[in-house]
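The structure under discussion appears below in the form of structure tokens.
Order of appearance sets the numbers: ligands from 1, and atoms from 1 within every ligand. Counting from 1, the numbers follow the sequence of the chain as shown.
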Amino acid sequence: MIKNIVAISSVYGPIQSWRMGSSLGIDLIMDPSTCSFNCTYCQLGFIQRITSERKVYVSTSTVLEDFKKSNWKEADVITFSGSGEPTLALNIKEVISEIQSITNHSKPVVILTNGTLLNNPAVLNDVINADVISVKLDAPDEETLQAINRPASTVHLKDIVSGVKKLKQEFKGKVQLQIMFMPQNKNKIDELAKLINEIKPDEVALNTPTRPYPNGWDIITRGAHGEDIKKIKHDTKPLKMLTKDEAVNIELRLKELTGLSIISVYRK
Ligand code: SF4
């Protein structure tokens, strides 16, 4: 019997993102999930390949074919995210450049990254032509990093912070720090504010795990929002979110300590 196999596209959406509006996702990683972190709250579930190795995971020609077939004109932004850490893809710079040429720079390019590779000058150079880079920073100390983000063995907080500082110095676009608040870090606001003040981002995005944690890997989770969450074939477990009051208090405290513009998932 011939099976009718539908190839999964490396381009998905547009989906509605609370931070970015209508966002077309570009997945340079695909299958299996691959990341230098294995966050306890990851919407992809337990990361299948935890690594800092950079390589071409999906060819540039495949991504561009998928992009041309997509509804990119309907999106507000083009977001590099997907089934893992996008800066692990060695062809990220080439794909950004080709997409900017197809769209004639009419759609801002956003990269969602965990920041673990930014200390590498080659990676910094690869992302430099994006418009917005949103860097995850959940932990103010190594112990919290290990507890929340469970990184690859070569990854340490001091290198992440040093990489984000270099990004802030060299990148001309907007640097956003995204913080996922959970029981392990919700009482570490002052310590996080100290790091934020060293990095001096343009904006802080305050988040909490609104999407459940799937008990298995399924590529659909890369863009699962709202109704899509019901299509995940594995069981999911809900995660501990901040209450609205906790989120408001953290936002006020962070604002007081950093003076920065703060956007919050609770105000979407
Ligand atoms: S950095 Fe992102 S993709 Fe990687 S494990 Fe954490 S939430 Fe998942």
Side-chain angles (χ1 to χ4, degrees), residues 10 12-13 15 17-20 23 25-55 57-58 79-89 92 110-120 123 127 132-139 142 144-157 159-161 163-164 167 175-185 205-225 228-229 232 234 236-242 265:
S10 56
Y12 56 98
I15 53 178
S17 149
W18 71 273
R19 278 175 294 192
M20 308 293 170
S23 160
I26 309 290
D27 187 354
L28 299 182
I29 303 292
M30 299 288 281
D31 208 355
S33 60
T34 303
C35 190
S36 42
F37 273 177
N38 179 22
C39 302
T40 51
Y41 56 79
C42 183
Q43 72 187 82
L44 306 171
F46 198 92
I47 293 296
Q48 302 294 293
R49 189 163 44 184
I50 303 165
T51 180
S52 293
E53 184 197 3
R54 296 195 82 206
K55 63 179 197 176
Y57 292 87
V58 187
T79 303
F80 286 71
S81 173
S83 304
E85 171 51 39
T87 63
L88 288 174
I92 188 169
V110 179
I111 301 176
L112 303 185
T113 176
N114 61 24
T116 54
L117 281 83
L118 292 173
N119 210 22
N120 173 346
V123 175
V127 298
V132 179
I133 302 185
S134 180
V135 189
K136 180 181 296 304
L137 185 77
D138 303 329
E142 191 68 29
T144 312
L145 181 86
Q146 296 297 331
I148 299 181
N149 306 113
R150 301 183 300 193
S153 57
T154 50
V155 171
H156 299 287
L157 185 66
D159 302 321
I160 298 173
V161 173
V164 192
L167 174 77
V175 175
Q176 179 190 74
L177 282 187
Q178 32 152 331
I179 308 176
M180 187 69 91
F181 280 102
M182 318 192 56
Q184 294 98 327
N185 64 354
L206 189 159
N207 206 351
T208 195
T210 52
R211 288 183 276 192
Y213 187 84
N215 290 322
W217 159 240
D218 179 354
I219 198 164
I220 190 178
T221 56
R222 66 185 178 180
H225 279 71
D228 284 350
I229 289 171
I232 299 173
H234 298 283
T236 56
K237 77 168 186 223
L239 295 165
K240 263 210 153 79
M241 291 168 56
L242 290 183
V265 68

Query raised in the report: Do I92 and I111 touch side chain to side chain, with heavy atoms closer than 4.5 Å?
Result: yes
**Report entry** Any K136 side-chain heavy atom under 4.5 Å of D138 side chain
**Finding:** yes
**Report entry** Gap separating the OG atom of S81 from the CG atom of L112, nearest 0.5 angstrom
**Finding:** 4.5 Å
Query raised in the report: At what distance, to the nearest 0.5 angstrom, does CZ of F80 lie from CD1 of I29?
Result: 11.5 Å
Report task. Mind checking side chain to side chain contact (heavy atoms under 4.5 Å, CB included) for E53 and listing every partner two or more places apart, or none if nothing turns up? Result -> T51, K55
Query raised in the report: Under 2.8 Å from atom 8 (Fe) of ligand 1, how many protein N, O or S atoms can be found?
Result: 1
**Report entry** Chi angles and distances behind the side chain to side chain donor-acceptor pair (under 3.5 Å) call for S52, S36
**Finding:** CA-CA 5 Å; S52 293; S36 42; 4.9 Å; no
Requested in this report: Tell me which one of K136, M180, R222 gets a heavy atom nearest to atom 2 (Fe) of ligand 1.
Outcome: K136
